[in-house]
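Reviewing the structure listed below.
Atoms within each ligand, like the ligands themselves, are counted from 1 in listed order.
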Amino acid sequence: MSTLEVTRFAPSPSGLLHLGHAYAALFAARAAAGGRVGGRFLLRIEDIDGDRARPEFEAAIFADLAWLGLAWEEPVRRQSDHLADYAHALDALQARGLVYPCFCSRKEIAAEIARAGAAPHGPAESVYPGTCRALDAGLREARCAAGVPFALRLDMARALAEAEAENGGALTWHDRAGGRQCCDPRPQGDIVLARKDVPASYHLSVVVDDAAQDITLVTRGADLFEASHVHRLLQQLLGLPVPQYHHHRLVTDGQGQRLAKRSAALALSALREAGRSPAEVIAMSGIEEDLTP
Ligand code: GLU
């Protein structure tokens, strides 16, 4: 590999890291080291959701990663220190007329989807049906003035059309596992960019952060594959560089279920307390087999 790779691990401090996080962190660190000497492995604390983020979980992230033997480059980027960057990106999208306020509650969205006949628990279940997209301007203003809480959503169809026109054709991105991808974020609908209590959604903050940290290779779980379509679109609209991607498998438990923050028994701290060594935990994660050609 000839490029100098810059990778990152970006956990949210909303729970304890488990074996799946160990896999993801090791994957990113190895991908940086696999590049030319001088590859950089960075850490980002995704604490923008102030309701869920806890300082004790952040401290545990540092302790767990150090225990695994990982060394990351300082400074660590903490999202809550960079709210102005996300606001600036949001402003840029708003100035292009690609954002609209959505006053729907979760319950109203679910009811609207049910009315439209989407299968319960089907893929369309969580896709916003666009209720507030065409809201009359006067009504919008009245609701804002009355203090009705709202989320800001991306007008997906319009955003994609503008981005493609600007690019002179379809957008593409590259996944190291799956190859060239045609960017199609439309199935995800009008995604949320910000809420009153969370000033930037995951989608918005991650593209701003990856650019700010000069990330060249985003490594992350296959569960975020679809999100990468949205990220490619936002990169185009915001004039940000486009990194490469490598979506990796998810670690599962004995029953084949993917691990969640509640999989307490496989928390790294629990494994450590149970007397497992870092080498044993690394072996348990399965990363060595996956990375051995
Ligand atoms: N914070 C995200 C998570 O914990 C990772 C985001 C990413 O890798 O883009 O799942």
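In summary, the atoms of ligand 1 found under 4.0 Å from a heavy atom of Arg8, numbered by their order in the structure, are 7 (C), 8 (O), 9 (O). In summary, the atoms of ligand 1 found under 4.0 Å from a heavy atom of Tyr202, numbered by their order in the structure, are 6 (C), 7 (C), 9 (O). If you number the atoms of ligand 1 from 1 as listed, the ones under 4.0 Å from a heavy atom of Val206 come out as 9 (O). Atoms of ligand 1 lying under 4.0 Å from any heavy atom of Ser12, numbered from 1 in the order shown and given with element: 1 (N), 4 (O).
None of Val198, Val208, Asp91, Val207 except one satisfies the side chain to side chain contact (heavy atoms under 4.5 Å, CB included) rule with Tyr86; the exception is Val208.
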Show which side-chain atoms of residues 143-157 pair as donor or acceptor with protein atoms under 3.5 Å away, not counting sequence neighbours.
residue : atom : partner : partner atom : Å
Arg153  : NH1  : Asp190  : O            : 2.8
Asp155  : OD1  : Arg158  : N            : 3.4

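Inclusion of Ala10 in the set of residues having an N or O under 3.5 Å from an N or O of ligand 1 is warranted. For ligand 1, the polar-atom distance check finds an N/O of Arg220 within less than 3.5 Å of one of the ligand's N/O atoms.
Between His21 and His18, the ring-plane angle classifies as tilted under the 30° and 60° cut-offs.
Between Leu42 and Trp72 there is no side-chain heavy-atom pair separated by less than 4.5 Å.
The distance between the ring centers of Trp173 and His246 does not fall below 6.0 angstrom.
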